[in-house]
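Naming: A, B, ... by sequence-line order, numbering from 1 per chain.
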Amino acid sequence: MVEYMVEFDDDYDTDSLESTVEDHWESVDAYERTKEAHADDPTFYFLDGPPYVSGATHLGTGWNKALKDQMIRYHRMQGHQVTDRPGYDMHGLPIETKVEEDLDFETKTDIIEFGVEEFIERCKEFADHYLNEMESDFRSLGVWMDWDNAYRTPTTEYIEAAWWSLDRIDENGLVDPSDRVINWCPRCQTALADAEVEYDDIESPSIYVKFPLVDDSASLVIWTTTPWTIPANQYAAVDADLQYARLTATSDDGAQELIVAEECVEHVVEAAGLSDVEVVETFSGERLTGEKYTHPLESHLPKQTELHEEDIVHRVYATDFVTADKTGIVHSAPGHGEEDYEFGKEVGFSVFSPVDDTGAYTDEAGEYAGAEVTQGFDDGTANALVLDDLEADGALLASGRTAHRYGHCWRCDTDIVLRATDQWFIRITDKQDVLLEQMDESQWYPQWARDNRFRNWVEDARDWCFSRQRYWGIPIPIWVPENGPREEYITIASAGELAERADQDIDLEDVDLHRPVVDEITITEDGRTYHRIDDIFDVWFESGVASLASIGVPGDQEDFEELWPADLIIEAHDQTRGWFWSQLEVGVAAFDEVPYEDVIMHGFLNDAEGDKMSKSVGNIVEPKNARDRYGVDPTRLYLLSHNPQGVDLDFSWDGIEGAQRRLNIVWNVLQFADQYMSIDDVDPTSLSVDDVELEVIDQWILSRMESATATMTEAMERYDSHEALDAVIDFLTEDFSRFYIQTIRSRVWEETESPTKQAAYATMTRVLTQCARLLAPFTPFIAEAIYQELDGAAETVHMLSWPEHDARLRDAELEAQIETLREVEEVGANARQQGERGRRWPVGRVVVSGSAEVVEDIDALAPILADRLNARRIETTTGEWEGVSWRVDPDMSELGPAFGQQAGAIADALSKLTREEFRETPTVDVDGESYEVDESMVSFVRETPEHVLSSEFTDGAVYVDTDRDDALEADGYANEIVRRVQQLRKELDLEIDAGIRTAITVDDEGVDALLNDKMDHIATETRSEAVVDSLADPAASVSETIHGVPVVIGVEPAA
RNA sequence: GGGCCAAUAGCUCAGUCAGGUUGAGCGCUCGGCUGAUAACCGGGAGGUCCGCGGUUCAAAUCCGUGUUGGCCCA
């Protein structure tokens, strides 16, 4: 017996198998050995996209990591030293808000009172906690990454990557301190990136407000859903080319003289309930430009009176953002609207934004100071106060409510406020041509993700506001002069540089560069003292530097030269606008280069109904649920069998169960080989297919394996990994288990040593050990088990190389022959079934008719076919079977082009003909018209003769002759008896090679006589040392009627 | 409101690029086979190829449009 290093159960028990394999990996340091094995190979920089560490992982994250693990393992096996540091995104507002919730905080003030240092410590603890949970989930899915060396955003290493990148971007002249309108969360008191704003339908005021013109008796009518922005109004916008109308009308408030877009008159009349409407004149928007108006709330807003004095304020401007919607005139508040702001800047407005960080009006808002700016209607809020005054002052033409989409903070759901604030920007729009060019340098799988989705996004890109007014993040390394201006800022590229230039002593070994520590550091140069700005980085900027941080840049410039940019990244399609983008932005802004070469963009894992998995719905499947129920390999097989390129996956437990079933077959195949080699005391490592006499079926399975290997390699190279996985699983189940193993059973069941057995063992060993390697990237546990069971020379299968294609073993002709054989077998089985002839009962002959090729193939393989169909003889003929009649089968693909609309009717007529009739007169009459049909437009199908059962296949037909004689009957009865004895052996739980004594009583003289000659055969097949008339006290027995003949069988173990 | 992706058997998916009577696996059902197998083999039932319109002799496939779901954006 061979001593195996690792012992496995006979059954496919994933729990025990996986823990056995894990123990083995640990005991031999399999992961470390694997990396060592590739230490001198060419490098391959795989970059892990860092998942965000808050809350539990769901199986979609598991899918992502399984895909990564699969590619890492594959590239290693292909001879690469693969970078495999996992990453974690640990900073940011989500964690801050969770910690705030834990501490019952309401606002930022609470944090300051609590102490920033302590708060940051809590955030770190929170992040570490979830990091550990996630890591354990990932590891439990068999993912091999460098867990002890993960890159994490709060480390000094990572912070330096961000600092260094910003410094580079600044050198490129793209850093821009600027006040701009941004999304602001009043609760979190910070700017939000566009990506951090979520939209929902809410109800808001919908109001029509009159702006009385100064040099005209009419009023402009504007429409808005944000009454609170009216106190900040500075101008009104129209479209120069749009037609506007002056109308007179009567409302509840009396006579009105109004100006709105001509197309909007009807709408306004209806909304305001106007009567006696008369359009006095129409004119282009151009004519309105320059008109001065009076702010409708001027009496409540001393600041507006002041602004009114400025010539440019409270005038009408022609802009390109006005459409003929609602009134066709837009009230513009540059402090609170992005387009309003951009245009206002061009004209030269000084921005007026009377809203503070908490979302309350400032003193500049006059009597409204302190009121809360929200989208609601509550008493005392800005909207309510403004509405009341507009109405009281007669400026409110109409007021209602409207449901529309409005943004809220992704973390705390607070309605966002658009507001102009001092922020820091990267002017990425300056680089748009480089962005597009570099985007095209990367290869995306699927390609449409790049050419449609991503391009669309990049073309619409806006400048990047990277500053955030929060705590838990990388501090922005910008120091500004104490008394301004902030445009004269300096940037710091590393901790070392900071230590050199700082006024304070900094212990580089020990310093934590987070707030508040870094806030205290000042720099004094040339007589000026600089203080750090309070802001931290947008977390997307952090993720954008991952390609640097994960290889230790800027500290490790050597790796930067050698590895960067990354060879491959793999994330889901939500990252088009996320990490794929933030990386491109940083890469281009800092280095004019895209930081990744290949991108696999996979889909989302949705629930069984196709709906998003979400915590609130409660339909989340966690990795450990799947692992506990079906095991890691089945879960991975299920996930990895799906297209990894852009397509969503609807989760199903049945799918995992199906995967488990397929692996069960793989396991059984291993057990089969293992069992017989053990009985024969054969050491699989001593066998080689080069040293045995291979039979044709052995050659075939080896050829098929090489074909599958080639298919896999080719599919993997274009990242169609699911096709690769399908190929090996298909090979193992369809070809190896269902065909090869079935075919060789009689060869290995023989008790004596034989060359044919050696050939089968050598073949099975070769197939299984190679498949262990082919399975390794996908189902690492069962792959290891197979390898250790049959070889085990290396510590782990995962350190071995991907199988190279062995052309010597390929035989395309033989594969085609067997393909034909299987087709013939299938239709033969079909014919047999029609004849109700069970497979234990042999038939006299099977005739195969078909093309010369089919006949040649079948002749070459006749013994195998005879065995599988249980037929005495296989006959072949290229001619036709006597008595077979033929009818005409029209070919629509030919008739269609030839006869157009008549094709259908012609086909109907043709199908009524026999072949003879057709050949005699190849014409049909349809609607009195006669059509001549060429024979190439039809084919002929067999009419089966009644006494022979037949079935057709592509290139021929199979006829099963069910005539029987005594010899055939004898074989049938013998097979039935053998089968029952085997069943009894099994019931007795005998060793597979144990001897027995068997008693057979047949209560039918004729059949009994027939069986006389078969007793030796029965004895051999059942390992019976003796077949006797009766046993006094059989250990097991069965009494049954076989084809109407009562039979009693008894079995006992041989002495 | 916009961009992208998807919709085919009860379920999960091929087939769509390149038009020619839709396939597989699972499930169901009937039968067969079995000393590797909780496995396997064969037959059968099961389809408005999401709807509508167009192009064409011919559309699951191409075009237009709508619906539903997903991702992203506004």
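When the side-chain contact (heavy atoms from CB on, under 4.5 Å) test is applied to Gln583(A), the partners found at least two apart in sequence or on another chain are Leu47(A), Ser547(A), Ile569(A), Trp579(A), Pro595(A), Tyr596(A). For the salt bridge (charged side-chain N to carboxylate O under 4.0 Å, His left out) test, no residue two or more places apart in sequence or in another chain qualifies with Glu1021(A). Looking at residues two or more places apart in sequence or on another chain, you find a salt bridge (charged side-chain N to carboxylate O under 4.0 Å, His left out) between Asp680(A) and Lys757(A). Under the side-chain contact (heavy atoms from CB on, under 4.5 Å) criterion, His408(A) pairs with Glu198(A), Asp200(A), Asp413(A), Asp415(A), not counting sequence neighbours. Shown here are the side chain to side chain donor-acceptor pair (under 3.5 Å) partners of Arg868(A), two or more places apart in sequence or in another chain: Thr743(A), Glu825(A). Scanning for side chain to side chain donor-acceptor pair (under 3.5 Å) contacts around Glu657(A) gives Tyr630(A), Arg661(A), with sequence neighbours left out. Legend: residues meeting salt bridge (charged side-chain N to carboxylate O under 4.0 Å, His left out) with Asp538(A), ordered by chain and number and at least two apart, are Arg468(A). Here Ala724(A) pairs with Met712(A), Ala715(A), Met716(A), Phe778(A) under the side-chain contact (heavy atoms from CB on, under 4.5 Å) rule; sequence neighbours left out. Every residue meeting the salt bridge (charged side-chain N to carboxylate O under 4.0 Å, His left out) condition with Asp463(A), not counting sequence neighbours, appears here in chain and number order: Arg180(A).
The gap from the C1' atom of U22(B) to that of A9(B) amounts to 11 Å, rounded to the nearest Å. Here, A6(B) and U12(B) have their C1' atoms 15 Å apart, quoted to the whole Å. Comparing C26(B) with G43(B), their P atoms sit 13 Å apart, to the nearest whole Å. Rounded to whole Å, the separation between the C1' atoms of G25(B) and A14(B) comes to 10 Å. U55(B) and G19(B): their C1' atoms are spaced 11 Å apart (whole Å). Spacing between A24(B) and G2(B) at atom C1', rounded to whole Å, works out to 38 Å.
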Sub-3.5 Å pairs of nitrogen or oxygen atoms, protein against nucleotides 13-18 of chain B:
unit_1, atom_1, unit_2, atom_2, d
C13(B), OP1, Asp650(A), N, 3.1

Report, one pair per line, the protein and nucleotides 61-65 of chain B atoms (nitrogen or oxygen only) whose separation is under 3.5 Å.
none

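Between the side chain of Arg745(A) and the base of U37(B), a donor-acceptor pair under 3.5 Å is found.
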Query - Verdict with reasoning, Arg738(A) to Gln742(A), per side chain to side chain donor-acceptor pair (under 3.5 Å) - result: CA-CA 6 Å; Arg738(A) 292 172 194 168; Gln742(A) 296 298 339; over 6 Å; no
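Near RNA chain B, defined here as any heavy-atom distance below 4.0 Å, the residues from residues 732-743 of chain A are Ser737(A), Arg738(A), Ile741(A), Gln742(A), listed numerically.
Listed candidates were U34(B), U12(B), C5(B). Nearest to the side chain of Asn452(A) is C5(B).
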